[in-house]
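Okay, so here's the structure we're looking at.
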There are 2 protein chains.
Amino acid sequence: MPKETFFNLPDDKRSLICDVAIEEFTEYLYDQASVNRIVAKAGIAKGSFYQYFEDKKDLYMYVLQVIAEKKLEYISPVMRNPYQHDIFTLLREVYLSGIQFAANHPDYAEIGTKLLQSKNSPIFDQVVDENLPAANDMFEALLARAVERGEIKADTDVKLFAYMISSMTAVVSSYYVENVATTYGDELMETVDKFLDFLKHGLGTDSSQLSR
Amino acid sequence: MPKETFFNLPDDKRSLICDVAIEEFTEYLYDQASVNRIVAKAGIAKGSFYQYFEDKKDLYMYVLQVIAEKKLEYISPVMRNPYQHDIFTLLREVYLSGIQFAANHPDYAEIGTKLLQSKNSPIFDQVVDENLPAANDMFEALLARAVERGEIKADTDVKLFAYMISSMTAVVSSYYVENVATTYGDELMETVDKFLDFLKHGLGTDSSQLSR
DNA sequence: ATATGATGTGACCAGGTGGTCACGTGACCG
DNA sequence: CGGTCACGTGACCACCTGGTCACATCATAT
């Protein structure tokens, strides 16, 4: 947690520091990110920085928290009542909100991606071990329930595809942002629907005659 | 390329240096990897290192080349005559050889993964820009041909799924190595076949098509 | 025995890192 | 006015990095 002094700062200065920090963590992994560059860009003295934050980790954690709060705004109302919808509807919402978030805040999304890339850095264990298995477990639970309900094949390897699906959220997002558009639009729906159809029916032609 | 002096070294010393380097690049991204640690672990003087290699990049490139040579041993004969097989057979071979390689040489595979994670480091452009779009383009060509042949749906977004499939090679491999086994075995076939079935038919049951 | 040339060596360099600390500055208060 | 106290400051610290270089070592050829 940043120190009191940070929150006492005038709003513009505080948000400038915040913006500069986000810019830095967007461009560099945690280990590469430089406090020296941050204070230089923000135009504050090194000493001041350490009066606002305990250390580099403190700043990083704060930035992650800001991002998490932003991301919360994107999760769909549908996801709050998961038991009322089938798994493909839920997955559609998950991917939609994920891509929307990535499209509207590519910098924030990039920081999240970078965090996942730091798997071997000590910082990773301290941050992710507490928060991230959550995503995998959630997909596992969703898939298990979908099997029970007969929404997906009974012999689905739940663990394998929970892993695949949670990995693919990042892949689909980055594809969309890199290749389709950087804003929310009709193409977004299209990309997600293509992907959802793939999840449901695969790429093969034999099953497509049933559904299309 | 390493200097002549490196190849003049007695075999055991040369392969020790090579092993230590691989160990280092397995554990750290290129930027984090430390020449100081490498020479310490290998028990050679700093100055000697720079008599064997131009610089850190030179060593890294050499290690990558060793890995690439190793990986070549794994590509299936099937892939050498791609036009005789349907796309799912080809993909099966691609994933099989990818996982076999990762299972037999987890350290080598890890270095490859780490390279892909260094997307923003200057080293990435120098290495990958020449070699990697290849993978994506290959999948794109395979998919386009599969569409022509009627092996997959006519309206498949070739670019999107070329991207997905090439990303998923890494995901499937890492899942297999982390969660199933670290050696080649029957489970390998099982994992790949599960995944191939998913690519072909999707996760959905025949009745779940109602829900969209 | 001497000379030559390739190879081994580690102190050293410039430049970076995260973090500290003694001191300045200035706003408020009695 | 003097006192106080929160905040601003940048020189400084120890430590690390990739890379260099003058010198030591040693096998071979003469």
Side-chain angles (χ1 to χ4, degrees), chain A residues 1-18 20-21 23-25 27-64 114 118 120-124 126-127, chain B residues 1-18 20-21 23-25 27-64 114 118 120-124 126-127:
Chain A
M1 259 292 125
K3 300 182 186 173
E4 217 188 313
T5 53
F6 177 67
F7 297 107
N8 294 343
L9 250 36
D11 283 13
D12 55 341
K13 190 166 181 179
R14 202 177 59 239
S15 65
L16 171 64
I17 293 174
C18 201
V20 168
E23 204 181 317
E24 179 75 10
F25 288 121
E27 200 161 346
Y28 301 93
L29 294 175
Y30 174 79
D31 288 316
Q32 265 71 48
S34 158
V35 175
N36 288 323
R37 267 196 304 262
I38 291 174
V39 298
K41 270 195 210 169
I44 62 174
K46 188 89 168 282
S48 297
F49 178 89
Y50 285 94
Q51 241 159 1
Y52 305 149
F53 303 96
E54 292 292 341
D55 49 24
K56 185 162 88 158
K57 194 177 92 188
D58 192 26
L59 169 65
Y60 186 61
M61 295 297 213
Y62 174 69
V63 166
L64 286 184
K114 283 224 156 46
S118 312
N120 297 51
S121 172
I123 195 74
F124 185 81
Q126 296 174 30
V127 177
Chain B
M1 258 294 123
K3 301 182 187 174
E4 216 188 316
T5 52
F6 178 67
F7 297 107
N8 294 344
L9 250 36
D11 282 14
D12 56 340
K13 190 167 182 179
R14 202 178 58 239
S15 66
L16 171 64
I17 293 174
C18 200
V20 168
E23 203 182 316
E24 180 75 11
F25 288 122
E27 199 161 348
Y28 300 93
L29 294 175
Y30 174 79
D31 288 316
Q32 266 71 48
S34 159
V35 175
N36 288 323
R37 266 196 304 262
I38 291 173
V39 298
K41 270 196 209 167
I44 62 173
K46 188 87 166 283
S48 297
F49 178 91
Y50 284 94
Q51 240 157 359
Y52 305 149
F53 304 97
E54 290 294 340
D55 48 24
K56 184 163 87 160
K57 194 177 91 187
D58 190 26
L59 169 64
Y60 186 61
M61 295 298 212
Y62 174 67
V63 166
L64 285 185
K114 283 223 154 50
S118 312
N120 298 50
S121 173
I123 195 73
F124 185 83
Q126 295 175 32
V127 177

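Hydrogens, waters and symmetry mates play no part in the numbers below; they use all other heavy atoms, side chains included. Residue numbers start from 1 in every chain, and the chains themselves are labelled A, B, ... in the order their sequence lines are given, proteins ahead of strands. None of these values were measured; they are calculated from a predicted model.
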**Study point:** Plane angle bin for B:Y62 and B:F6 - parallel if under 30°, tilted between 30 and 60°, otherwise perpendicular
**Key:** perpendicular
Practice item. Calculate the interatomic distance between B:F7 atom CZ and C:dA6 atom P; express it in whole Å. Key: 18 Å
Check your understanding: Between C:dA11, D:dC7, D:dG8, which nucleotide has the shortest distance from any of its atoms to the side chain of A:Y52?
Key -> D:dG8
Point to revise | Spacing between A:D55 atom CG and C:dT17 atom P, to the nearest angstrom | key: 17 Å
Practice item. Identify whether any heavy atom of B:S48 sits under 4.0 Å from a base atom; if not, whether one sits that close to sugar-phosphate; answer base, sugar-phosphate or nothing. Key: base
Exercise for review: Return yes if a side-chain donor-acceptor contact under 3.5 Å exists between B:E27 and B:Q32, otherwise no.
Suggested key: no
Practice item. Name the closest nucleotide to the B:A45 side chain, picking from D:dA11, C:dT9, D:dC7. Key: C:dT9
Point to revise | Interatomic distance, A:R37 CZ vs C:dG15 P [rounded to whole Å] | key: 17 Å
Study note, to complete from the structure: A:Q51 CD to C:dA22 C1', in whole Å, measures 12 Å
Practice item. Identify whether any heavy atom of B:A33 sits under 4.0 Å from a base atom; if not, whether one sits that close to sugar-phosphate; answer base, sugar-phosphate or nothing. Key: sugar-phosphate
Review point. In whole angstrom, what separates A:F49's CZ from C:dG19's P?
Key: 8 Å
Check your understanding: Does A:R14 count as lying over the ring of A:Y52, i.e. NZ or CZ under 6.0 Å from the six-ring centre, within 45 degrees of the axis?
Key -> no
**Study point:** Spacing between B:I44 atom CD1 and C:dT7 atom P, to the nearest angstrom
**Key:** 14 Å
Practice item. Give a yes or no on whether A:K3 atom NZ has more than 12 heavy-atom contacts from other residues, nucleotides or ligands under 6.0 Å away. Key: yes
Exercise for review: Report which part of the nucleic acid A:K46 touches: base, sugar-phosphate, or nothing (heavy-atom distance under 4.0 Å, all strands).
Suggested key: base
Review point. Any side-chain N or O of A:K13 under 4.0 Å from OP1/OP2 of D:dG8?
Key: yes
Check your understanding: How long is the line joining CD1 of A:I38 and P of C:dG18, in whole Å?
Key -> 8 Å
**Study point:** B:N8 side chain near C:dT7 phosphate (N/O to OP1/OP2, under 4.0 Å)
**Key:** yes
Study note, to complete from the structure: Of D:dC7, D:dT20, C:dT17, the nucleotide closest to the side chain of A:N36 is C:dT17
Check your understanding: To the nearest angstrom, how far is B:Y50 atom OH from C:dC13 atom C1'?
Key -> 13 Å
Check your understanding: Are A:K114 and A:Y28 in a cation-pi setup, meaning NZ or CZ lies under 6.0 angstrom from the ring centre and within 45 degrees of the ring axis?
Key -> no
Check your understanding: Base, sugar-phosphate, or nothing: which does B:S34 touch, judged by heavy atoms less than 4.0 Å apart?
Key -> sugar-phosphate
